[in-house]
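Working notes, beginning with the structure itself.
So that the names make sense, note that chain A is the first sequence line, chain B the second, and so on, each numbered from 1.
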There are 2 protein chains.
Amino acid sequence: MQDLLFDFISKYISLTEGEKNAILSLDIFRSIKKGTILLKEGQKSQDEYFVLKGCIRKYYIIDGEEKTTAFFTEMEGLTPHCAINNAPSDYYVSCVEDCVLLISNADMGVEINSKFPKFETMCRILSEELLAKQQINFDEFKTSSPEQRYLSLIQKRPDLIQRVPQHQLASFLGIKPQSLSRLRARIVEKKS
Amino acid sequence: MQDLLFDFISKYISLTEGEKNAILSLDIFRSIKKGTILLKEGQKSQDEYFVLKGCIRKYYIIDGEEKTTAFFTEMEGLTPHCAINNAPSDYYVSCVEDCVLLISNADMGVEINSKFPKFETMCRILSEELLAKQQINFDEFKTSSPEQRYLSLIQKRPDLIQRVPQHQLASFLGIKPQSLSRLRARIVEKKS
DNA sequence: CACATTTCTTAACTTAAGTGAACGAGTTAT
DNA sequence: ATAACTCGTTCACTTAAGTTAAGAAATGTG
């Protein structure tokens with residue numbers, strides 16, 4: 001499981017054995033059961049999550065309804081807004097499946113960044129990459145219809161459709177579960 | 001105009017006179033006329049844009065139609081995806097108004113980051129902040145209707161509604177210009 | 001100034017998403 | 001084993017966005 005992490009890091013920077021040990025000594029690997037809520041609305045937390053295995057989701061509760069806005073799977077990380085500005089969280093984070101996560105906090109980040117400057121370089125590159133990806137996703141979302149979004153999701157993240165409940169996918173696509181059902185039926189209809 | 005930049009930077013890190021001069025010596029201030037296209041689809045460019053004054057917009061041309069997905073105004077920066085992965089750009093960037101911009105490129109970034117490590121720290125913090133803001137925006141977009149989005153835009157960026165043409169705002173809100181007109185009429189109707 | 005172009009609005013019609021309700025299948029709890 | 005709950009689907013109905021077209025207002029150009 002550690003290899004997964006170091007393989008990922010090696011795409012960005014090279015680590016010595018000493019540096020690897022320094023990271024391992026932080027002891028931030030966590031195995032977490034499906035359904036566990038990692039962060040609740042209103043809560044203040046410094047924790048950041050990086051998924052080594054499994055899937056976590058971010059959701060709001062608006063007028064009593066769950067609105068899922070993002071999923072994070074293998075080698076994707078979530079830094080909640082509340083960890084940055086130290087304000088109460090607006091949303092929840094929970095495990096869609098049994099997970100292995102890296103759970104780090106800002107203090108550890110500061111410590112490791114000051115010890116290993118190249119770590120900061122990696123974090124900056126990662127943020128910039130993620131930001132660019134995020135912007136492309138947002139652009140695609142804005143410029144397409146729910147049906148197009150669903151078809152594109154089938155292409156780009158086919159695993160999500162399997163591992164995530166439909167009603168969570170629906171709000172991820174910006175629509176209601178009933179609309180997703182109908183939309184799927186419409187697509188099947190068209191094919192035939 | 002330089003003070004605008006240094007005031008902004010001072011929110012994140014403190015600069016010595018020497019460092020300020022090093023930045024000024026890069027000579028990256030540019031005055032640009034309204035309507036100028038800074039980046040075209042298909043073009044490869046390393047340039048990054050930071051708005052000191054004015055407004056730039058990012059748009060796609062899909063099936064012959066302009067789809068505006070983002071505006072950047074004072075103290076906001078755009079690092080096009082093509083500048084990161086060195087691939088042809090998917091979109092256009094143009095000036096909505098006469099602008100004063102900082103136009104930098106990746107090489108200059110590398111140079112200044114290696115000379116002044118604290119600059120890299122600022123860039124990382126800026127990316128992370130921007131990423132978090134971006135995610136909140138995306139979440140809001142997903143969880144609300146076009147009408148709610150428009151009302152929220154009036155609250156959060158009232159200037160945009162004044163300085164940007166309606167049809168560009170429409171695609172920014174994820175709808176057609178005609179729908180925005182109708183939606184506005186509907187809101188006025190409700191008020192009375 | 002007059003002409004062309006762009007921008008915004010309105011209208012009628014079509015299409016798709018939201019809403020409320022009901023149903024069956026599968027799961028969990030008692 | 002039965003009851004309670006969740007989840008996905010379907011249906012009928014409502015509401016709003018997409019589409020096509022037309023015209024008015026504002027802007028830019030020769």
Q) What's the closest nucleotide to the B/K34 side chain, out of C/dT10, D/dG28, D/dA16? A) D/dG28

Q: Return the value, rounded to whole Å, for the distance between atom CZ of B/R149 and atom P of D/dA16.
A: 14 Å

Q) Taking the side chain of B/K176 as heavy atoms from C-beta outward, which of D/dG18, C/dG20, C/dC8 is closest to it? A) D/dG18

Q | Listed nucleotide nearest any side-chain atom of A/R184, set C/dT9, C/dG18, D/dT9 | A | D/dT9

Q. Does the cation-pi check pass for A/K58 over A/F72, that is, NZ or CZ under 6.0 Å from the six-membered ring centre and within 45° of its axis?
A. no

Q | Rounded distance (Å) that lies between atom P of D/dA17 and atom CD1 of A/I175 | A | 16 Å

Q) Roughly, in whole Å, what's the span from CD in A/E147 to C1' in C/dA17? A) 12 Å

Q) What distance separates B/E120 CD from B/I125 CD1, expressed to the nearest 0.5 Å? A) 11.0 Å

Q. Going by distance alone, is a donor N or O of one side chain under 3.5 Å from an acceptor N or O of the other, for B/Y91 and A/D139?
A. no

(Q) Side chain of B/Q178, heavy atoms from C-beta onward: which of D/dA17, C/dA21, C/dT9 has the nearest atom to it? (A) C/dT9

Q) For B/F138, is the NZ or CZ atom of B/K142 found under 6.0 angstrom from the centre of its six-membered ring and inside 45 degrees of the ring axis? A) yes

Q: Kindly point out which of D/dA17, C/dA17, D/dT9 is positioned nearest to the side chain of B/S179?
A: D/dA17

Q. Looking at the side chain of B/Q166, which of D/dT10, C/dA16, C/dC8 is the nearest nucleotide?
A. C/dC8

Q. B/R186 side chain N/O closer than 4.0 Å to the phosphate oxygens (OP1, OP2) of D/dA17?
A. yes

Q) Within this structure, what is the CG-to-P distance between B/L180 and C/dT10, rounded to whole angstrom? A) 12 Å

Q. For the pair made of CG in B/L169 and P in C/dT7, what is the distance, rounded to whole Å?
A. 13 Å

(Q) With hydrogens left out and only the distance checked, is there a donor-acceptor pair under 3.5 Å joining B/R182's side chain and the base of D/dG18? (A) yes

Q: Write down the distance between CG (B/L183) and C1' (C/dT9), rounded to a whole number of angstrom.
A: 14 Å

Q) Under 4.0 Å: is that the gap between some side-chain N or O of B/H167 and OP1 or OP2 of C/dT6? A) no

Q. Roughly, in whole Å, what's the span from CG in A/L173 to P in D/dG8?
A. 13 Å

Q.
Using a 6.0 Å distance limit plus a 45 degree cone around the ring axis, check whether B/R184 lies over the aromatic ring of B/Y150.
A. no

